Amino acid sequence: MRRVRPDEAEAAPDTLLIQRLRAREETALETLIVRYQARVFSLALRVTGNRQDAEEILQDVFWSVLRHIDAFRGDAKLSSWIYRIAMNAALMKIRQRPTAEHIPLDADLGPAMTGDGRIAEPVVDWTRLPGELERKELTRRLEEAVERLPPDYRTVLVLRDIEGLSTEEACEVLDLSVAALKSRLHRARLFLRKELSDYVTGRHRAPAAREPR
Amino acid sequence: MIRCRDVSDLLLDYVEGSLEPGAREELDQHLADCPGCLVFVRTYRHTVGLRPSCLPRSARIRAERFTNAS
């Protein structure tokens with residue numbers, strides 16, 4: 001089979017690719033793979049956090065695209081449709097894993113409030129922690145917190161804040177309304193912010209507690 | 001008038017730049033007067049900006065080695 005170069009594949013728009021896939025053209029699958037495998041693999045890897053799962057998803061996705069290409073209506077972008085297939089496959093994998101059952105309500109994820117709606121406690125600013133090590137540790141904590149997000153929140157966060165999809169495209173992929181997507185994204189971010197805040201404030205209190213008596 | 005309690009509801013649109021101008025001005029005014037909310041907004045924005053890679057540990061270690069070597 002003739003190898004399709006990525007630049008050659010990129011040059012042909014997705015509408016042409018869809019026609020070629022429907023016509024069962026020999027090189028169409030290769031074009032599809034060249035064009036989408038890196039994006040699908042990256043998405044699957046970031047949602048599942050597991051290379052073997054991501055490889056399985058990659059194979060399933062292309063097989064699924066081939067089987068269903070005749071049913072693809074074209075009212076969504078091909079990329080969104082492929083992302084959606086990948087996301088559903090990734091969700092199947094991670095739904096069997098233990099994560100937080102639910103995340104607290106918005107009110108419990110921000111600073112504590114007084115009865116008349118004012119902030120009730122000092123809010124620690126940890127955005128200027130000194131040193132590369134501190135920054136790396138913070139990122140590590142953040143990644144652990146992302147793993148604990150319930151699947152429906154994790155997928156939204158991965159698409160928007162990690163893969164950098166627009167709100168509209170993420171809505172299309174996840175079949176969510178803009179309001180629902182924003183609500184999940186916001187709660188996921190609040191959850192992560194709180195985890196980092198709790199870590200930093202706990203950590204800065206910790207040395208005194210650990211001192212030998 | 002915006003109170004601390006209202007800030008969270010406006011936060012996502014605020015940091016994404018999609019809050020309508022009137023509400024944005026009111027929130028800016030509140031943040032100018034309220035150090036607690038200012039830090040809340042700053043740490044929220046910082047959390048989003050940290051961009052976790054969410055790659056498995058093995059892939060992360062390889063990536064770190066690669067960037068350290070370069």
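Here is how names work: the chains are called A, B, and so on, in the same order as the sequence lines, proteins then strands, and each is numbered from 1. Bear in mind the structure is a predicted one, so any value in this text is a computation, not a measurement.
- Only the side chain of A:Arg128 comes within contact range of chain B, with at least one heavy atom under 4.5 Å from a heavy atom of that chain.
- To the nearest 0.5 Å, atom CD of residue B:Glu16 and atom NE2 of residue A:His186 are 10.5 Å apart.
- Distance check: B:Thr47 OG1 to A:Lys194 NZ gives 12.5 Å after rounding to the nearest 0.5 Å.
- The 12-atom threshold is exceeded at NZ of A:Lys93, counting heavy atoms of other residues, nucleotides or ligands nearer than 6.0 Å.
- Applying a 4.5 Å heavy-atom cutoff, the residues of residues 117-125 of chain A that approach chain B are A:Gly117, A:Arg118, A:Ile119, A:Val123, A:Val124, A:Asp125.
- More than 12 non-hydrogen atoms from other residues, nucleotides or ligands lie less than 6.0 angstrom from CZ of A:Arg67.
- Residues B:Val15 and A:Arg189 meet the side-chain proximity criterion, which asks for heavy atoms closer than 4.5 Å.
- The neighbour count for B:Glu25 CD, taken as heavy atoms of other residues, nucleotides or ligands under 6.0 Å away, does not exceed 12.
- Rounding to the nearest 0.5 angstrom, the gap separating the NZ atom in A:Lys182 from the OG atom in B:Ser18 is 4.5 Å.
- A distance of 9.5 Å separates CD of A:Glu143 from CG of B:Leu50, quoted to the nearest 0.5 Å.
- Only the backbone of A:Thr114 comes within less than 4.5 Å of a heavy atom in chain B; its side chain stays farther off.
- Residue B:Asp13 touches chain A through its side chain alone, counting heavy-atom pairs closer than 4.5 Å.
- Top candidate by heavy-atom pairs under 4.5 Å with chain A, chosen from B:Leu38, B:Leu11, B:Thr43, B:Val48, is B:Thr43.
- Rounding to the nearest 0.5 Å places OG1 of A:Thr127 at 11.0 Å from CZ of B:Arg45.
- Here OH of B:Tyr44 is found 13.0 Å from CG of A:Leu196. Values are rounded to the nearest 0.5 Å.
- The main-chain N or O of A:Trp126 is never found under 3.5 Å from a side-chain atom of B:His46 such that the two would form a donor-acceptor pair.
- Checked by atom type and distance alone, the side chain of B:Arg5 pairs as donor or acceptor with a backbone atom of A:Gly115 at under 3.5 Å.
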